[in-house]
Amino acid sequence: QVQLQESGPGLVKSSQTLSLTCIVSGGSISSGGHYWSWIRQHPGKGLEWIGYIFYSGSTYYNPSLKSRVTISVDTSKNQFSLTLGSVTAADTAVYYCARTLSSIAARPHFNYWGQGTQVTVSS
Amino acid sequence: QSVLTQPPSASGTPGQRVTISCSGSSSNVGNNYVYWYQQLPGTAPKVLIYRYYQRPSGVPDRFSGSKSGTSASLAISGLRSEDEGDYYCAAWDDGLSGVLFGGGTRLTVL
């Protein structure tokens with residue numbers, strides 16, 4: 001059974017960089033066959049896709065966040081990470097990591113999710 | 001504002017049938033598969049429908065999906081109290097080269 005677990009600071013200061021890691025267990029990122037994704041949810045709001053990474057390092061990003069986002073993968077540690085620069089209060093959200101069912105980017109079938117981690121941006 | 005448009009709310013009584021719509025365009029719903037997610041209070045989303053109408057194992061056949069042109073729909077029949085939660089459609093957008101989620105529909109079982 002694949003499990004994903006987000007980790008990282010729950011509080012980040014405005015204008016600084018948010019960094020989160022998703023630790024994957026029960027399956028290997030390097031086996032391919034899936035995209036690994038970050039998705040966030042603002043308080044009381046809907047879901048916002050942040051981006052995807054494939055085990056090879058190939059990425060897709062939400063155009064509205066692309067200038068501030070980097071998603072990277074460390075296959076040796078079986079984990080992938082999110083960095084979001086120049087954060088503001090608008091980046092306060094629950095951040096989820098998730099895995100797609102297939103290796104086709106155009107099929108956002110997220111069949112495994114982490115439990116989500118709350119990140120608050122403070123001034 | 002989401003490019004995939006859903007009604008913000010829907011409601012029904014136990015046993016009723018409810019439909020939630022997801023309106024998009026030719027660059028997303030019209031040309032790519034639609035997925036539906038259920039998010040119950042305090043939990044991560046879970047996929048209910050994939051590739052327009054298919055159900056993962058374990059999802060009751062009370063949930064069904066359809067697509068017509070640039071719109072998709074999720075129908076829930078035999079409504080139950082445990083169906084209360086938020087429902088999101090999702091699709092790839094060719095123009096953005098990214099994933100879009102609908103704004104979500106909050107389902108209330110009266």
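Note that these values count all heavy atoms, side chains included, but never hydrogens, waters or copies made by symmetry. Given the structure is predicted, the values throughout are model-derived calculations rather than measurements. Throughout, a chain's letter reflects where its sequence line sits, starting with A, and its residues are numbered from 1.
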Practice task
May I ask you to check whether A/Ser56 and A/Ser58 show a side-chain donor-acceptor distance below 3.5 Å?
Solution key: no

Exercise for the section: Give, as side chain, backbone, both or neither, the part of A/Ala98 having an atom under 4.5 angstrom from any heavy atom of chain B. Expected result: neither

Exercise for the section: Can you tell which part of A/Tyr52 gets under 4.5 Å to a heavy atom of chain B, answering side chain, backbone, both or neither? Expected result: side chain

Fill in the blank from the handout: If you tally heavy-atom pairs under 4.5 Å between each of B/Asp94, B/Asp93, B/Asp86, B/Val99 and chain A, the highest tally belongs to B/Val99

Practice task
Below 4.5 Å from any heavy atom of chain A, which atoms of B/Gln6 appear? Answer side chain, backbone, both or neither.
Solution key: neither

Fill in the blank from the handout: Whatever's closer than 4.5 Å to a heavy atom in chain B on A/Pro108 counts as both

Practice task
Under 4.5 Å heavy-atom distance to chain A, tell me which part of B/Asn32 shows up: side chain, backbone, both or neither.
Solution key: side chain

Practice task
Compare every heavy atom of A/Gly116 with every heavy atom of A/Val94, then report the nearest pair and how far apart it is.
Solution key: CG1-CA, 3.9 Å

Practice task
Taking the six-membered ring for Trp and the single ring otherwise, decide whether the centroids of A/Tyr60 and B/Trp92 are under 6.0 Å apart.
Solution key: yes

Handout entry: Side chain / backbone / both / neither for A/Ile39 at chain B, heavy atoms under 4.5 Å
Key = side chain

Practice task
Evaluate the side-chain proximity of A/Ser25 to A/Ile23: yes if any heavy-atom separation is below 4.5 Å, no if none is.
Solution key: no

Exercise for the section: For the residue pair B/Thr70 and B/Ser25, confirm or rule out a side-chain donor-acceptor distance under 3.5 Å. Expected result: no

Exercise for the section: Report the residue from A/Tyr96, A/Phe80, A/Trp49, A/Trp113 that forms a ring pair (Phe, Tyr, Trp, His ring centres under 6.0 Å) with A/Trp38. Expected result: A/Phe80

Practice task
Against chain A, work out which of B/Ala91, B/Gly98, B/Pro45 has the most heavy-atom pairs shorter than 4.5 Å and name it.
Solution key: B/Pro45

Handout entry: Greatest number of heavy atom pairs closer than 4.5 Å to chain B - which of A/Ser37, A/Gly114, A/Ala106
Key = A/Ala106

Exercise for the section: Please tell me if the side chains of A/Ile71 and A/Trp36 come closer than 4.5 Å, counting only heavy atoms from C-beta onward. Expected result: no

